[in-house]
Amino acid sequence: MTGTQTILVVEDEQTVRALLRTVLEEGGFAVEEAEGSAAAMAYLARETPSLITLDLHLGADNGLDLAREIRRSHSVPIVMVTGQGDVIDRVVGLELGADDYISKPFHVREVLARIRAVLRRPPQAAPETGDPPKDDTCVAHHFDGVTVVPDRMEVIDRDGRDCGLTSGDFALLMVFLERPKRVLSRDQLMDLTGGVEWSPLDRTIDNQVARLRKKIERNPSDPKLIKTVRGVGYTFACDVDRKGDQDGVSRSA
């Protein structure tokens, strides 16, 4: 990483904004602030930050609606800021494409660790762009009718459509594809995806696995690809075929 990375803090409480600014600036980041949806979207129309921290409770505004609006046209990573008991909002936020979350009250080290972990992930292509293929010889991964082209960050389903994976989903999928039929603990998955230290009550990996299953499994309620190994973690149970994507990947409209 070169240069100073900018974090956009979207938070309606001035005291929390000030705390996050202090934490992030001490961590080496530049900080911009927005009190609500209008200010956040106005900033995004002018600039593209490295990451957004987004409070899901923005007074009169709805943070989930804002996350949805951001995801329509921006691929910038989003770290949600939620209340300790806001489990439903947290899950919905992850479903909308947020990359991680921080619960209030938060610890300084956790804020920096989670943000740095998200920023280490491969960048996600913007939703509206149709980036041309880099070349015709990149290696593709094929499994159960799904095609993954890592160099393009493309994941194409059985009907030729983009699976719509976030950067976090993609990072987790690549960990599985590179280690098929190996049992991976939650600790290993957190480490391999650039995650942070977690406690037994932390459901981050379980939420990410559930979200990934919805996007690549034929029947997410009866998963055949990503299987749970009770008391241990998960395993990718399908064979993975790796070969040059010489004909490219076609997706349907």
Between the side chain of [X] and the main-chain N/O of [Y], is any donor-acceptor distance below 3.5 Å?
X	Y	answer
Arg21	Glu33	no
Arg71	Val76	yes
Asp159	Arg161	no
Ser50	Thr6	yes
Asp169	Leu212	no
Asp157	Gly160	yes
Arg158	Ile216	yes
Arg213	Val209	no
Gln188	Ser185	yes
Glu217	Lys224	yes

Quiz item: Does the side-chain contact (heavy atoms from CB on, under 4.5 Å) test come out yes or no for Leu119 and Gln5, once each step is laid out?
Solution: CA-CA 9 Å; Leu119 288 172; Gln5 294 176 297; 3.7 Å; yes
When you compare the side chain of [Y] with that of [X], does any pair of heavy atoms fall below 4.5 Å?
X	Y	value
Leu66	Ile70	yes
Ile52	Ile7	no
Tyr101	Leu56	no
Met174	Val148	yes
Met41	Glu69	yes

Could you give the distance from [atom1] ([X]) to [atom2] ([Y]), rounded to the nearest 0.5 Å?
X	Y	atom1	atom2	value
Ile102	Thr82	CD1	OG1	9.0 Å
Leu165	Phe170	CG	CZ	8.0 Å
Phe176	Lys181	CZ	NZ	15.0 Å
Arg186	Gln208	CZ	CD	12.5 Å
His142	Arg242	NE2	CZ	11.0 Å
Arg17	Glu13	CZ	CD	9.5 Å

At their closest point, which heavy atom of [X] faces which heavy atom of [Y], and how far apart are they?
X	Y	value
Leu44	His74	O-NE2, 3.6 Å
Asp99	Pro77	OD2-CA, 3.2 Å
Leu51	Thr53	CD2-CG2, 3.9 Å
Pro180	Val240	CB-CG2, 4.0 Å
Ala140	Val149	CB-CG2, 4.1 Å
Leu20	Phe106	CD2-CZ, 3.7 Å

Quiz item: Is it true that atom NZ of Lys227 has more than 12 heavy atoms of other residues, nucleotides or ligands lying nearer than 6.0 Å?
Solution: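 Check fails, neighbour count at 12 or below.
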Self-check item: Test side-chain contact (heavy atoms from CB on, under 4.5 Å) applied to Asp206 and Tyr234, step by step
Solution: CA-CA 9 Å; Asp206 296 323; Tyr234 299 94; 2.5 Å; yes
Exercise. Consider only side-chain N and O atoms of Asn219 and Ser221, and report whether a donor and an acceptor are under 3.5 Å apart.
Key: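 Asn219 vs Ser221: donor-acceptor pair found between side chains.
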Quiz item: For Phe143, which residues count as a ring pair (Phe, Tyr, Trp, His ring centres under 6.0 Å) partner, sequence neighbours excluded?
Solution: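 Phe236.
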Practice problem: Could you tell me whether Arg46 and Glu32 have a side-chain N and a carboxylate O separated by less than 4.0 Å? | Solution: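 No salt bridge links Arg46 with Glu32.
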